[in-house]
Amino acid sequence: MKNLRLDKYLADMGIGTRSEIKEIIKKGQVSVNGESVKRPEFKVDPEMDIVTLNGKKIAYAKFSYYMLNKPAGYVSATEDEIHKTVLDILEVPQKKDFFPVGRLDIDTEGLLLITNDGALAHKLLSPKKHVKKTYFAKIRGRVDDTDVTRMKAGLDIGEKKPTLPAELVILTSDEISEICLTITEGKFHQVKRMFEAVGKEVLYLKRLSMGTLSLDDTLKPGQYRPLSEKEISDLKGNSDVRA
Ligand code: URA
């Protein structure tokens, strides 16, 4: 990794705005390898140098990862002329490089990974990787074993090929049914179109997991938290691909 100006290093780690950081540095509150440095333009090697602020070590992490419980009403995009985006929810430093990994419809809730790590996003979204995504849904109509069989066999949803085998678990079957569906693709409106193909309508949709990452059920819609080290390494190592 290339060397960074000291003020950029601290701004990337969310210490404050560039002008606040310049002040902090000029006041002598920042040290590099034990020596006080008063020049914001001083170059640091993020992999080797030890930067401290008032004696507290500020480690440099190139990438950040947040799990958001996406609320309905927000689009999964970095900008939008009409609607609020999921990035508007995130109050974190340096979010200009962040993006949501994949798209949930405006009315869909649940797990959305937001990061600036393009390589991991590519790995999770690549159609070749068949990363599993599990959704909870409320469906108008009685979902039954025929639907389980048809979703397992693959459905014509108007694409060139039928959908890949999907696992449908019926939680309750009534005028409004509750189900979990696991798919290994990410076609536009896929879950809604799969239910349409069996003559049923999705009334509510929430993503519960993506690869090894599961939605933290303590997060209410609109809440988010950084991923743990384990969650990050699990996602990078093995994204629970289809056997
Ligand atoms: N399938 C859908 O239909 N909508 C989503 O938001 C995600 C999967």
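Atoms considered below: every heavy atom in the structure, side chains included; atoms not considered: hydrogens, waters and symmetry mates. Read the numbers this way: they start at 1 and go in the same order the structure lists the ligands and their atoms.
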Quiz item: Among Met194, His189, Arg193, Lys70, which one has a heavy atom closest to atom 3 (O) of ligand 1?
Solution: His189
Self-check item: Numbered atoms of ligand 1 (with element) below 4.0 Å of Thr108, judged on heavy atoms
Solution: 4 (N), 5 (C), 6 (O)
Exercise. Determine, using heavy atoms of Phe188 and all atoms of ligand 1, whether some pair is separated by less than 4.0 Å.
Key: no
Self-check item: Heavy atom of the protein closest to atom 1 (N) of ligand 1 (residue, atom name, distance)
Solution: Val191 N, 3.1 Å
Quiz item: Counting heavy atoms only, which part of Val202 comes closer than 4.0 Å to ligand 1: side chain, backbone, both or neither?
Solution: neither
Quiz item: Only one of Arg193, Arg140, Lys192 forms a salt bridge (Lys or Arg N to Asp or Glu O under 4.0 Å) with Glu201, so which one is it?
Solution: Arg140
Quiz prompt | Ligand-side contact atoms (ligand 1) for residue partner Gln190, heavy atom cut-off under 4.0 Å | solution = 1 (N), 2 (C), 3 (O)
Quiz item: At a 4.0 Å threshold, what atoms of ligand 1 neighbour a non-hydrogen atom of Tyr135?
Solution: 7 (C), 8 (C)
Quiz item: Side chains of Val101 and Leu125: does their closest heavy-atom pair fall under 4.5 Å?
Solution: yes
Quiz item: Is a donor on one side and an acceptor on the other found under 3.5 Å between the side chain of Thr134 and the backbone of Thr182?
Solution: no
Exercise. If the plane angle is over 60° it's perpendicular, under 30° parallel, otherwise tilted; pick one for Tyr9 and Tyr60.
Key: tilted
Quiz item: Among side-chain atoms of Asp88 and Tyr74, is any donor-acceptor pair under 3.5 angstrom?
Solution: no
Quiz prompt | Distance-only donor-acceptor check, side chains Gln29 and Asn54, under 3.5 Å | solution = yes
Quiz item: What protein heavy atom sits nearest atom 4 (N) of ligand 1, and how far away is it?
Solution: Asp105 OD2, 2.7 Å
